[in-house]
Amino acid sequence: QVQLVESGGGWVQAGGSLRLSCEASGSIRGINAMGWYRQAAGKRREWLAEVRSGDITDYRDLVKGRFTISRDNAKNTTYLQMNTLKSEDTAVYSCYGDLISDYRDYAVRYWGQGTQVTVSS
């Protein structure tokens, strides 16, 4: 069984920073990519950032320069460092992992449960 668990959400004042973590655990043989989405109340879910094998990163233009994604392969963990936060960054942030488990020869996307980030202006 594979599980993704996020941590690091919370409340912060505008202009502040938060770092989210997402750890994948279970019977994992490989990780193709890990990334983050968010969904604000009443809005559509939006993709934010991804880190792929070889530490190749990609970002939504909206967060470029403010958010940084990274990955610790030894810990099967991805991080999202969020700086200069704005009130419009308030949302539930969810991580995903395109993981190869012990039970399949191909990657399947798994999701974390989501963590709330609230930015107060």
Side-chain angles (χ1 to χ4, degrees):
Q1 188 174 354
V2 175
Q3 190 176 17
L4 271 66
V5 178
E6 297 121 334
S7 60
W11 179 90
V12 64
Q13 284 192 321
S17 299
L18 280 176
R19 189 177 83 153
L20 305 182
S21 300
C22 173
E23 180 182 5
S25 63
S27 303
I28 300 169
R29 288 196 292 122
I31 300 177
N32 287 355
M34 297 185 80
W36 295 88
Y37 276 81
R38 72 183 180 190
Q39 186 167 22
K43 295 188 177 180
R44 299 177 71 174
R45 187 179 66 172
E46 58 182 4
W47 171 82
L48 298 176
E50 181 175 276
V51 56
R52 297 185 290 278
S53 298
D55 286 335
I56 297 170
T57 57
D58 199 9
Y59 295 92
R60 189 180 193 88
D61 285 346
L62 189 67
V63 301
K64 277 183 181 177
R66 293 195 302 127
F67 291 8
T68 302
I69 190 170
S70 61
R71 184 169 135 184
D72 185 332
N73 292 324
K75 296 181 179 179
N76 288 342
T77 298
T78 185
Y79 304 97
L80 187 67
Q81 177 67 43
M82 305 185 294
N83 298 328
T84 320
L85 284 163
K86 309 173 183 179
S87 58
E88 51 263 44
D89 293 317
T90 295
V92 175
Y93 287 68
S94 299
C95 72
Y96 65 89
D98 295 335
L99 312 178
I100 303 171
S101 71
D102 287 345
Y103 313 109
R104 294 184 175 91
D105 291 328
Y106 52 90
V108 173
R109 178 158 291 186
Y110 294 87
W111 291 89
Q113 80 284 1
T115 185
Q116 176 70 44
V117 170
T118 302
V119 184
S120 175
S121 58

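- Considering all non-hydrogen atoms of both residues, A91 and R38 come closest at CB-CB, 3.9 Å.
- When every heavy atom of S17 is checked against every heavy atom of N83, the shortest pair comes out as OG-OD1, 2.9 Å.
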Set out, in order, the CA-CA distance, both residues' side-chain angles and the distance that settles salt bridge (Lys or Arg N to Asp or Glu O under 4.0 Å) for K86 and D89, then state yes or no. CA-CA 5 Å; K86 309 173 183 179; D89 293 317; over 6 Å; no
Evaluate the side-chain contact (heavy atoms from CB on, under 4.5 Å) criterion for residues D98 and R52: first the C-alpha distance (whole Å), next the side-chain angles of each, then the deciding distance (0.1 Å), finally the verdict. CA-CA 9 Å; D98 295 335; R52 297 185 290 278; over 6 Å; no
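- Among all heavy-atom pairs drawn from G114 and S94, the shortest one is CA-OG, 3.6 Å.
- Following chains of ILVMFWY side-chain contacts shorter than 4.5 Å, one can reach F67 starting from V51, so the two form part of one hydrophobic cluster.
- Taking the side chain as every heavy atom from C-beta outward, V2 and V108 never approach each other to under 4.5 Å.
- Two different hydrophobic clusters hold W47 and W36 under the rule that ILVMFWY side chains link at heavy-atom gaps under 4.5 Å.
- One hydrophobic cluster holds both Y59 and L18 under the rule that ILVMFWY side chains link at heavy-atom gaps under 4.5 Å.
- Residue N32 comes nearest to A107 through the heavy atom pair ND2-CB, 3.4 Å, listed as atom of the first residue, atom of the second, then distance.
- Here T77 contributes atom OG1 and L4 contributes atom CG; the two are 9.0 Å apart, rounded to the nearest 0.5 Å.
- Counting heavy atoms from C-beta on, the side chains of I56 and E50 never come closer than 4.5 Å.
- No donor-acceptor pair under 3.5 Å is formed between the side chain of E6 and the backbone N or O of L20.
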Before you tell me yes or no, could you show the steps for N76 and L99 under side-chain contact (heavy atoms from CB on, under 4.5 Å), namely the whole-Å CA-CA distance, both residues' side-chain angles and the distance that decides it to 0.1 Å? CA-CA 10 Å; N76 288 342; L99 312 178; over 6 Å; no
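- By the 4.5 Å heavy-atom criterion applied to side chains, I31 and R71 are counted as neighbours.
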Applying side-chain contact (heavy atoms from CB on, under 4.5 Å) to T90 and Q116, what does each step give before you reach the verdict? CA-CA 8 Å; T90 295; Q116 176 70 44; 3.9 Å; yes
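- The closest donor-acceptor contact from the side chain of S120 to the backbone of Q13 lies at 3.5 Å or more, if one exists at all.
- The distance from the SG atom of C22 to the CH2 atom of W111 is 10.5 Å, given to the nearest 0.5 Å.
- No single ILVMFWY cluster, assembled from side-chain heavy atoms under 4.5 Å apart, contains both I28 and Y103.
- Between Y96 and Y37, a ring centre-to-centre spacing shorter than 6.0 Å is recorded.
- A donor-acceptor pair under 3.5 Å is formed between the side chain of R29 and the backbone N or O of S101.
- Note that the CD atom of Q113 and the SG atom of C95 stand 7.5 Å from one another [nearest 0.5 Å].
- To the nearest 0.5 Å, atoms CD (E46) and CD (Q39) are separated by 9.5 Å.
- Rounding to the nearest 0.5 Å places CE of M34 at 10.5 Å from CG of D72.
- Considering all non-hydrogen atoms of both residues, T84 and R66 come closest at O-NH1, 3.0 Å.
- Both V117 and I69 belong to a single network of hydrophobic side chains, linked directly or stepwise wherever heavy atoms of I, L, V, M, F, W or Y lie under 4.5 Å apart.
- By the neighbour-count criterion of 12 heavy atoms within 6.0 Å, atom CG of D102 is densely surrounded, having more than that number from other residues, nucleotides or ligands.
- Across every non-hydrogen atom of A14 and S121, the tightest pair is CB-CA, 4.0 Å.
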